[in-house]
Amino acid sequence: MKKRTIKSKLAISITLFALPLMTTLSFGQDFFKAHTNINPYQYEIAKEKTFEHAAVSSAHALASMVGAAIMQDGGNAFDAAIAVQFSLAVVFPAAGNIGGGGFMLARKTNGELIGLDYREEAPAKASRDMYLDENGNPYPNKSTRGAMASGIPGSVAGMLSIHAYAKIPLAKLIEPAIELAAFGFVISESEAKGLNANRNNFIKNSSSESAFTKKEIWKAGDTLIQPELALTLKRIQEKGAAGFYEGPTADYIVKEMSHSGGIITLEDLKKYSPKFRKPIEFDYKDHHIISFAPPSSGGILLAQMMKLIAPFDISKMEHNTAASVSLMVEAQRRAYADRAEHMGDPDFWKVPTKTLVSDHYLKQRMADYQPGIKGSSKITNAGQIHESEQTTHFSIIDKEGNMVAITTTLNDSYGNKTIVAGAGFILNNEMDDFSLKAGVPNMYGAIGGIANSIQAGKRMLSSMAPTLVTLNNKPYLTIGTPGGTTIPNQVYEGLIGIIDFKMSLKQSIDEPRFHHQWIPDNIMLETEFPEETEKALKAMGYNTLKRGHFGRMDGVQISSNGKRIAAGDKRGDDSVAGY
Ligand code: DON
């Protein structure tokens, strides 16, 4: 397999850059000195590998290697997950985060399921019409740029909750991230491009300069050092949640709010806490599938779509043909229509979960489906799906068979493009996931209504779908992906590829994807999607639209002989590690 090496152009510069910080703060390099096999200044991207005991697949090679090392040192999948989340906050600033939120779905070896919701929350001062002008129309950018776009971050509190299942002291799990921030790491070409593309946004939206905006443009092989972030992580290491939600970090966040009209207060930060949610579970052709419940729509959509197509023998229709795509799209259309109407934060809105995934309801929903005939969505002023989105997913299975799937995000790529001065991290723009106004599309073209309207303390509806699969009640697969509203569809297509079309994990991850979300009534196709299928779909009356890649799916699967097969998406720098 082709490997890609990311390495420093100027090895000597690293120590020079890092030296002043090292002396002032006397940071050690305990983790990387003890793990000389991981070199932040030269590392390889590995897309697919089989390991004897444990594996991680994530958006960044260094984060995956850190997770694998933590497990090799005696940690379990929860230890690794915490270390990976903090490391991604440093090495993958577009989506890895401490200023955002996410969902963890886990299955312990004893079969216990844990669904942890550390989604961002609307601040106490938030209100339904806060993004509307005097004519009732959404202000451009207010829910996406600057401090006002931010929900109260949940990631740090989330990691502390997960720690209840871990074995290694929290301080040790944060240490690799601190060292990566303090001493830097070498960036890839796509990271350099992302930082350059957002340079003006960072400057415009932040109250001061940050590590992300240096004078020259970024190039692959440059070293990114984040001293302020290192100090913030150190405060978390020393004080736990209080190192983020109270004291200097909280003060920095609130100060940044005042720069661009944000409304998060010290009290909001102090009050935030993650919530445990009962996962969505269903069976599909001998496989037991587990995914995330509201406030994510991901699990319900996945259950609906897979159950809607279960009565049809899709394997006979062959992969990515007009017949199989049309069947899957008609299920997508129906499920996403339900999303817009029925789903929101269950603590504020009664989500009819049981009905939505019930056999009886789903049978009715598919009653008007006619193979080979295009359905129709109500026409509305729908928006287009945004192209530069960014979230991140990682999958871990340890040697005991504990499975962890985490999808975490700032929402858009580099969130609200605002770096908290003094604290060095980027804030989310998750408020845009609320329905700002009934029927008005958000940045993913998704519409919604009262179920997902803004209220103080409410969590915005998500599409994130960290997913686990068991076979005969034994751990089998952990998978997930970023991509806004495309997420449930990607996981759906990934699972159908493995279960019905008998693909390997890696093949199913890399296959070209399609996406329909009810409104707009068209099928988005990745550029590599087969031309002849597109033609046949058009002949059936479908509108098709080619777009670049969506998602970066990362998974770990257990083979029949108990090995861990890890696969990272070809679409990004995603990389696997294990032992
Ligand atoms: O929660 C959600 O559904 C979105 N905020 C996720 C954003 C996302 O996946 C962007 N990534 N590619």
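Remember, it's 1-based here, ligands and their atoms both numbered in the order they're listed.
Proximity to T391 (heavy-atom distance under 4.0 Å) selects the following atoms of ligand 1: 6 (C), 7 (C), 8 (C), 9 (O), 10 (C), 11 (N), 12 (N). Counting the atoms of ligand 1 from 1 in the order shown, those under 4.0 Å from a heavy atom of S463 are 1 (O), 2 (C), 3 (O).
A salt bridge links R571 with E526; the closest basic N to acidic carboxylate O contact falls under 4.0 Å. Using a cut-off of 4.0 Å between Lys/Arg side-chain N and Asp/Glu carboxylate O, R119 and D433 are scored as salt-bridged.
Distances between N or O atoms of G484 and those of ligand 1 include at least one value under 3.5 Å. Polar contact with ligand 1: absent for Y444 (N/O pair, distance under 3.5 Å). In terms of polar-atom proximity, L461 is not counted as a contact of ligand 1, lacking any N or O under 3.5 Å from an N or O of the ligand.
The proximity of M460 to ligand 1, defined as any non-hydrogen pair under 4.0 Å, does not occur for either the backbone or the side chain. Heavy atoms from both the backbone and the side chain of N411 come within less than 4.0 Å of ligand 1. The part of R119 lying near ligand 1 is the side chain, judged by heavy-atom distances below 4.0 Å. With a heavy-atom cut-off of 4.0 Å, I487 touches ligand 1 through its side chain alone.
Not one N or O on the side chain of T213 forms a donor-acceptor pair closer than 3.5 Å with the backbone of R199. In this structure, N411 contributes its side chain and N429 its backbone to a donor-acceptor pair below 3.5 Å.
Under the 6.0 Å cut-off for aromatic ring centres, Y542 and F514 do not qualify, their centroids lying 6.0 Å or more apart.
With sequence neighbours left out, the side-chain contact (heavy atoms from CB on, under 4.5 Å) criterion links S190 to S188, D573. Residues that satisfy the side-chain contact (heavy atoms from CB on, under 4.5 Å) test with D133, not counting sequence neighbours, are N135, N137, Y139.
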